[in-house]
Amino acid sequence: EAGVAQSPRYKIIEKRQSVAFWCNPISGHATLYWYQQILGQGPKLLIQFQNNGVVDDSQLPKDRFSAERLKGVDSTLKIQPAKLEDSAVYLCASSFFSVTGVAKNQETQYFGPGTRLLVL
Amino acid sequence: RKEVEQDPGPFNVPEGATVAFNCTYSNSASQSFFWYRQDCRKEPKLLMSVYSSGNEDGRFTAQLNRASQYISLLIRDSKLSDSATYLCVAEKGGYNKLIFGAGTRLAVHP
């Protein structure tokens, strides 16, 4: 079974530039997550989608970050304009989880390889 | 206070050693808990879920103490391949929202 796909794998930009990341979840997974992992820290959830709706975006810096999942499958995360502190790995994850409730063993989140962003 | 706290380590142990990691969480409403493993420059992968009754998977044993809001992971007979960062994770809010600790680094040496 194919895993979560992300692109690009690496990106170097200058501050104030824009950048976009793409994620394709595991087929059939209703829920998609974007995380930010700063060096030395655990992943921090930025936004959670179920199908094409937002479940949680409480930690998304909405003045500069945006995300969409228009058709309920793949998703893009954009940063505009980027700041130095946005340097991090951006991880996408997906799960079969549904907010309407499913079997417990369907909670597992599967992560993609991440996009490593360096802002200069 | 961080929602999930872990000792960052590193824990440097010889092959064959037993090592234990501890973790505390602040949200008493959390229902589900997990240990994820993250290799250097790789994505996190689920190692095991943690249940109140305790659970074991081969050389790995996880324990949950709800009263103390404390989670542990025990690794027996450490292998070189166990070298990684171990992330303690608590679910929050009932919507599969995961709160990750900063991770504990383990280095197993020959």
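Given the structure is predicted, the values throughout are model-derived calculations rather than measurements. Below, chain A is the first sequence line, B the second, and so on; all start at residue 1.
A donor-acceptor contact shorter than 3.5 Å links the side chain of A:Q109 to the backbone of B:N96.
Both the backbone and the side chain of B:L98 come within contact range of chain A, judged by heavy atoms closer than 4.5 Å. Neither the backbone nor the side chain of A:Q6 comes within contact range of chain B; no heavy atoms are under 4.5 Å apart.
For the pair B:P44/A:L91, a side-chain contact is recorded, criterion being any heavy-atom separation below 4.5 Å from C-beta on.
Of the residues listed (B:K42, B:Q38, B:E43), the one engaging A:F111 in a side chain to side chain contact (heavy atoms under 4.5 Å, CB included) is B:E43, and it is the only one.
Under the 4.5 Å side-chain heavy-atom criterion for ILVMFWY residues, no single connected hydrophobic cluster contains both A:Y35 and A:L46. In terms of hydrophobic clustering, with Ile, Leu, Val, Met, Phe, Trp and Tyr side chains grouped at heavy-atom distances under 4.5 Å, A:W34 and B:I99 are assigned to different clusters.
The shortest heavy-atom contact between B:L87 and A:G42 is CD2-CA, 4.3 Å. Looking at every heavy atom in both residues, A:L45 comes nearest to B:K97 through CD2-CG, 3.6 Å.
Residue B:E56 places its CD atom among more than 12 non-hydrogen atoms of other residues, nucleotides or ligands, all under 6.0 Å distant. Open room surrounds CZ on B:R105; 12 or fewer heavy atoms of other groups in view lie less than 6.0 Å from it. Other residues, nucleotides and ligands place no more than 12 heavy atoms under 6.0 Å from the NZ atom of A:K71. Heavy-atom contacts from other residues, nucleotides or ligands closer than 6.0 Å to CG of A:L120 number more than 12.
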